[in-house]
Amino acid sequence: MIDKYNPQIIEKSIQDHWDANKTFESKIDDREKYYCLSMFPYPSGKLHMGHVRNYTIGDVISRYKRMQNFNVFQPMGWDAFGLPAENAAIQNKVSPKNWTDKNIENMKTQLKSLGLSYDWSKELRTCDPKYYKWEQVIFKKFYEAGLVYRKKSLVNWDPVDQTVLANEQVIDGMGWRSGAKVELKEIDQWFIKITDYAEELLDSLDNLNWPENVKLMQKNWIGKSNGAEIKYQILGTSEELTTFSTRPDTIFGVAFLALSPNHPLSIKLGDENSEVKKFLDLCKESKAAEADMATAEKLGINTGIKVSHPITNKEIPVWIGNFVLLDYGTGVVMGVPGHDARDYEFAKKYNLNIDQVIETDDNLDLPILDKGKLINSDKYDGMLSDKASNEIIKELVKSGKGSELTQFRLRDWGVSRQRYWGCPIPVVYKNGEAQLVNEKDLPVVLPELEKNKSPTPLSQIQDFINIEDGVLRESDTFDTFMDSSWYHARFTSANNDQEIFDDSTKYWLPVDLYIGGIEHAILHLLYSRFFHKALRDLGMVDGDEPFKRLLTQGMVLKDGAKMSKSKGNTVDPQSYIDKYGADTVRLYMMFTSPPEQSLEWSESSVEGASRFLKKIWSLIENKTYKPLSVDDLNFDKKDLELRQKSHATLKKVENDYEKRFSFNTAIAAIMELQNFIPDEYKNNDINESSKFCVDEAIIFILKMLSPIAPHICEHLWKKFNYDDKSIESWWPKFEEELLEVEEFELIIQVNGKVRGKTIIEKNRSQDEIENIASQLENVKAHIGDNEIKKSIYVKDKLINFVI
RNA sequence: GGGGAUGUGGUGGAACUGGUAGACACGCUUGGCUUAGAACCAAGUGCCGCAAGGCGUGGGGGUUCGACUCCCUCCAUCCCUACCA
């Protein structure tokens, strides 16, 4: 009698067994290591579908690698500092710490119920002083290495709440809580010189086994551009305005210069002129986010100042433009309306000259953005853009009005946050002068909040910031991207209180495979790469890159949209785990979409996944392995076909798991194999050769499926009783000679359309093939009386007659 | 605004290197089992057409003997845009 498949019972008992035996704790040994890391979650309270998908992918690969005899390290931890904890604390009157701790506890239980093979003995949480102590140490070392400095920069300021707002907290220009009009404000902040590594961050992308789109995004983000620095003398003074341009070939088309509203000259003019001041104030009613800046209506004001063109000496007006960023280039743009879309829009609006200085073959309407041939450019007329740029730079160098310059779009990393729930920046100010806290005095511990008191920025906690007369503590915390830039390395030495990294770090790093959401393609991954390189230069880690291979998973959607509380379209994974079991949820996640694409949630497909596991269960549950030797058996055609299918499936699944991360097609192949087993083979009273073949298929199916559905496979493996080892202790081998077939299906096309199919032996000559193909009735009918002009033969695949 | 992706039946997807479009599932239809339903089993299922056949991978154009795949162009959706993580 077949027992019913009851996932709740078997999953719980196997998970308890894993826990009790510390099955997934890793130790250094002499096997090849494999460090498989999934991006750790922000402990928001509950797992969401994106987590389930991410962590299932990582677990499938970890389990597969373990079966391939790799020494696998798969840790898990918590990105535990951040804004949501502060918001929840204000809303629910609990401290951010308690809220976070409770969430972690809950989510950890959920992760365990998914059967994820984590080494929990290395668990980290970034809000733990034992963790962030080392972050403060790193910051100090960066400071000593000259990578840290202070400068003013813009933030979203809520004048009512008197706080700095994150971009997402500014809604339609208003503070989300106060509703007050948000303004840009300049404050002093700590910066890390990521730009020192811009060139290397760009160059070493080439060697990474990462998706091309991610590498491209990083490349564009770093944004190396070659151009020129060009100086314009301000008329009536000896002062100059310096601009950066990637298109010096368009210099004869300059119609205006535009200053950033935050440029020192703009601020000076604002102090002198109330109209300018009004305009600068207007520019402050913006949001710091680039997308908002770039889509805002282009506005400007003429300063009345004029500069002289460095080549023609013509007078050029200087404007202030709200679209000019202080942080990029020199904060001054040379406006060439004929050949730049933004400059064109600006010039149209304010009736400035629009001159064409570049000509191309196909473009007629200005602005012409492509390179081409110069016109209206004096002695450079007729020259091509690239050559002209070089010549013009030469002339500017000669006259001392310019030079060649390479610029990066990448800006230094502002790490200061004016918040409570973050890692304190280990600095004190003695009489206003910043000093790093001594290493022996680290960590600077985040002060606890008074009971039932909402969190406030550290600057308002007097006991914390006032140390003694004339000595104040820094009140900013670190950007949480700091916390997540080095956790992958700390996992390897998680329990070492004496050193940040140790011999284990040397053994496990780099991460062999890093898995996480595509939304982290730029910031988190770039910061982590930078950290790794900076730590390397401090002699703290080896190698140039932290993540050898990267897998970016797509979003989990419902009704075509990202699941979110505000849209009310969330699906709670836990209810599905409770109802169907972890194996079904894991199988569903892996089967429904390839990992890199977005996944549309579908209720009924979960049923389908569950149905497949039930089929596997009823196929195997009442069967036991029978030891037989191939040499004593005589296989008939059907037996051999099944063996061929089993081995071909194993080969395909290996390729899909390893090379393509294509779990959906691997599962489809396993389903095909399961469907391929003849019904009569499913009985227990069959002859020995058939028994051997069906046993082989069962062994392969369980082995291939176990990384995805580990509980049911482990359970059935034990019952099947092939050996007394865990199912994860070895991976089967396919036999290449079984895969060789003598026949194939020839496709016959006439003018590229399929008109016939026939099964024939391989390795025939083209003449033979043509002969056979043209005999087929349907092919004959389509050729008719027409002459065959040409025939194309693709060996052992198809023949195409062209008439 | 800029950067990066995606678009294939009623649905999720497959086609890996330019060579059979729709594997594998879901759903649906019909039949079996059942008092009935659920579950399960079997057959069918891209669209139009009685059929022969034609059409078909977001729209339009191109390259090729042959295009989901390569090129141009347009449209829609999603991700990132430096203080959400």
Side-chain angles (χ1 to χ4, degrees), chain A residues 39 41-42 44 79 81-84 155-156 164-170 189 194 211-214 216-221 223 288-296 298 323 327 341-342 345 409-419 479-481 484 517-524 526-527 552 554-555 557 560-562 591-594 596-609 611-612 614-615 618 652 655-656 659-660 662 664-665 667-672 675 679 745-754 757 789-792 794 797-803:
Chain A
M39 289 181 186
Y42 180 80
S44 55
D79 190 12
F81 274 137
L83 263 188
V155 293
N156 301 309
V164 175
L165 298 179
N167 284 330
E168 68 159 14
Q169 294 176 314
V170 183
Q189 311 217 61
I194 190 172
E212 287 304 319
N213 62 327
V214 176
L216 194 56
M217 279 191 260
Q218 293 220 344
K219 187 181 166 217
N220 291 333
W221 184 263
E290 187 199 308
D292 295 270
M293 298 261 205
T295 48
K298 301 209 176 2
F323 59 97
D327 292 325
R342 277 183 318 183
E345 196 188 324
R409 204 190 78 100
L410 181 69
R411 310 198 295 255
D412 275 336
W413 178 10
V415 296
S416 293
R417 296 291 181 272
Q418 297 70 40
R419 313 225 189 281
D479 176 8
T480 55
F481 277 126
S484 56
I518 182 68
E519 66 273 19
H520 295 293
I522 297 175
L523 293 180
H524 163 61
L526 194 67
Y527 291 140
T552 47
M555 315 283 284
L557 309 175
K562 189 176 173 175
F591 183 57
T592 301
S593 276
E596 310 217 78
Q597 281 179 35
S598 56
L599 182 153
E600 173 71 33
W601 177 259
S602 149
E603 180 77 34
S604 52
S605 296
V606 185
E607 284 282 353
R611 197 177 303 165
F612 174 64
K614 282 180 196 155
K615 280 187 198 167
S618 61
K652 178 181 169 48
N655 185 55
D656 284 355
K659 305 238 160 57
R660 302 204 300 152
S662 176
N664 55 330
T665 53
I667 294 163
I670 299 169
M671 286 173 169
E672 267 189 68
N675 290 335
D679 278 342
E745 188 180 40
L746 176 72
I747 305 301
I748 302 113
Q749 298 183 332
V750 179
N751 281 350
K753 295 202 165 159
V754 179
K757 300 175 186 182
K789 288 185 194 140
K790 185 169 158 185
S791 56
I792 290 120
V794 184
K797 208 164 236 167
L798 69 76
I799 182 146
N800 185 14
F801 294 113
V802 183
I803 58 171

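Owing to the predicted nature of the structure, the values given are computational and were not obtained by experimental measurement. Throughout, a chain's letter reflects where its sequence line sits, starting with A, and its residues are numbered from 1.
- Nucleotides rG18(B) and rC28(B) place their C1' atoms 36 Å apart, quoted to the nearest Å.
- Base orientation of rG61(B): anti, the glycosidic angle falling outside 90° of 0.
- Going from the P atom of rU57(B) to that of rA39(B) covers 36 Å, rounded to whole Å.
- Between R409(A) and rA82(B) there is no side-chain polar atom (N or O) within less than 4.0 angstrom of OP1 or OP2.
- Here the C1' atom of nucleotide rC79(B) and the CD atom of Q218(A) are 15 Å apart, to the nearest Å.
- When both distances must be under 3.5 Å, the Watson-Crick or G-U wobble mate of rU45(B) is rG27(B).
- The base of rC83(B) sits with one of its N or O atoms less than 3.5 Å from a complementary donor or acceptor on the side chain of Q418(A).
- Counting heavy atoms from C-beta on, the side chains of Q418(A) and Q189(A) come closer than 4.5 Å.
- I799(A) and L746(A) make their closest contact through N-CD1, 4.1 Å (heavy atoms, listed as atom of the first residue, atom of the second, distance).
- The side chain of I518(A) lies closest to rC79(B), out of rG1(B), rC79(B), rA21(B).
- Heavy-atom minimum distance, V164(A) versus R419(A): O-NH1, 3.3 Å.
- Residue V155(A) is classed as a base contact, given a heavy-atom separation below 4.0 Å to a base.
- Between K753(A) atom NZ and rU64(B) atom C1' there is a gap of 15 Å when expressed in whole angstrom units.
- A side-chain donor-acceptor contact under 3.5 Å links D656(A) and T665(A).
- Among the nucleotides rA23(B), rU20(B), rC80(B), the one closest to the side chain of I522(A) is rC80(B).
- Considering only side-chain atoms of I792(A), the nucleotide from rC65(B), rC79(B), rC84(B) that sits closest is rC65(B).
- Under the salt bridge (Lys or Arg N to Asp or Glu O under 4.0 Å) criterion, K614(A) pairs with no residue, sequence neighbours left out.
- Residue K790(A) places at least one side-chain N or O closer than 4.0 Å to OP1 or OP2 of rC65(B).
- rA42(B) and rA5(B): their C1' atoms are spaced 43 Å apart (whole Å).
- With hydrogens and angles ignored, no donor-acceptor pair closer than 3.5 Å exists between the side chain of E290(A) and the base of rG2(B).
- Whole-Å rounding puts the E672(A) CD to rC24(B) C1' distance at 7 Å.
- With P as the reference atom, rA67(B) and rC79(B) are 35 Å apart, rounded to whole Å.
- Distance from the side chain of N220(A) is smallest for rG4(B) among the nucleotides rA85(B), rG19(B), rG4(B).
- Checking rC26(B), rG4(B), rG1(B) against the side-chain heavy atoms of S604(A) singles out rC26(B) as nearest.
- Between N675(A) and rA25(B) there is a side-chain N or O to OP1 or OP2 distance below 4.0 Å.
- Mapped onto RNA chain B by nearest heavy atom, E607(A) and N751(A) fall at different nucleotides, with E607(A) at the one closer to the 5' end.
- When the P atom is compared between rG66(B) and rG56(B), the two are found 15 Å apart, to the nearest whole Å.
- As the counterpart of rA5(B), rU77(B) is assigned, both hydrogen-bonding distances of the Watson-Crick or G-U wobble pattern falling under 3.5 Å.
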Contact letters for nucleotides 8-17 of chain B, in which S counts primed atoms plus P, OP1 and OP2 and B counts the base, heavy atoms under 4.0 Å: ----BSSSB-
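- rC83(B) and rU20(B) are spaced 49 Å apart, taking the P atom of each and rounding to whole Å.
- rG46(B) and rA15(B) are spaced 16 Å apart, taking the C1' atom of each and rounding to whole Å.
- When all heavy atoms of Y42(A) and G82(A) are compared, the pair lying nearest together is OH-O, 3.8 Å.
- Each of rA82(B), rA21(B), rC83(B) was ranked by its minimum atom distance to the side chain of W221(A); first place goes to rA82(B).
- Contact check for T592(A) versus W601(A): no side-chain heavy atoms found under the 4.5 Å cut-off.
- Comparing rC79(B), rC24(B), rA85(B) by their nearest atom to the side chain of Y42(A) picks out rA85(B).
- Distances were taken from every side-chain heavy atom of R419(A) (C-beta onward) to each of rC83(B), rG4(B), rU20(B); the shortest belongs to rC83(B).
- Here the shortest heavy-atom pairing between D79(A) and T480(A) reads OD1-O, 4.3 Å.
- In this structure, I803(A) atom CD1 and rG66(B) atom P are separated by 13 Å, rounded to whole Å.
- By the 30° and 60° cut-offs, the orientation of the rings of W413(A) relative to Y527(A) is parallel.
- In this structure, of rG1(B), rC41(B), rG19(B), it is rG19(B) that holds the atom nearest to the side chain of L798(A).
- Nearest approach of A289(A) to N167(A), heavy atoms of both residues: N-OD1, 3.6 Å.
- Backbone-only contact: V754(A) has heavy atoms under 4.0 Å from sugar-phosphate atoms and none from a base.
- With a cut-off of 3.5 Å on both pairing distances, rA21(B) has no Watson-Crick or G-U wobble partner at all.
- Note on R417(A): a side-chain N or O is less than 4.0 Å away from OP1 or OP2 of rC83(B).
- Considering only side-chain atoms of L83(A), the nucleotide from rC40(B), rU81(B), rC84(B) that sits closest is rC84(B).
- rA25(B) sits 36 Å from rU73(B) when the C1' atoms are compared, rounded to a whole Å.
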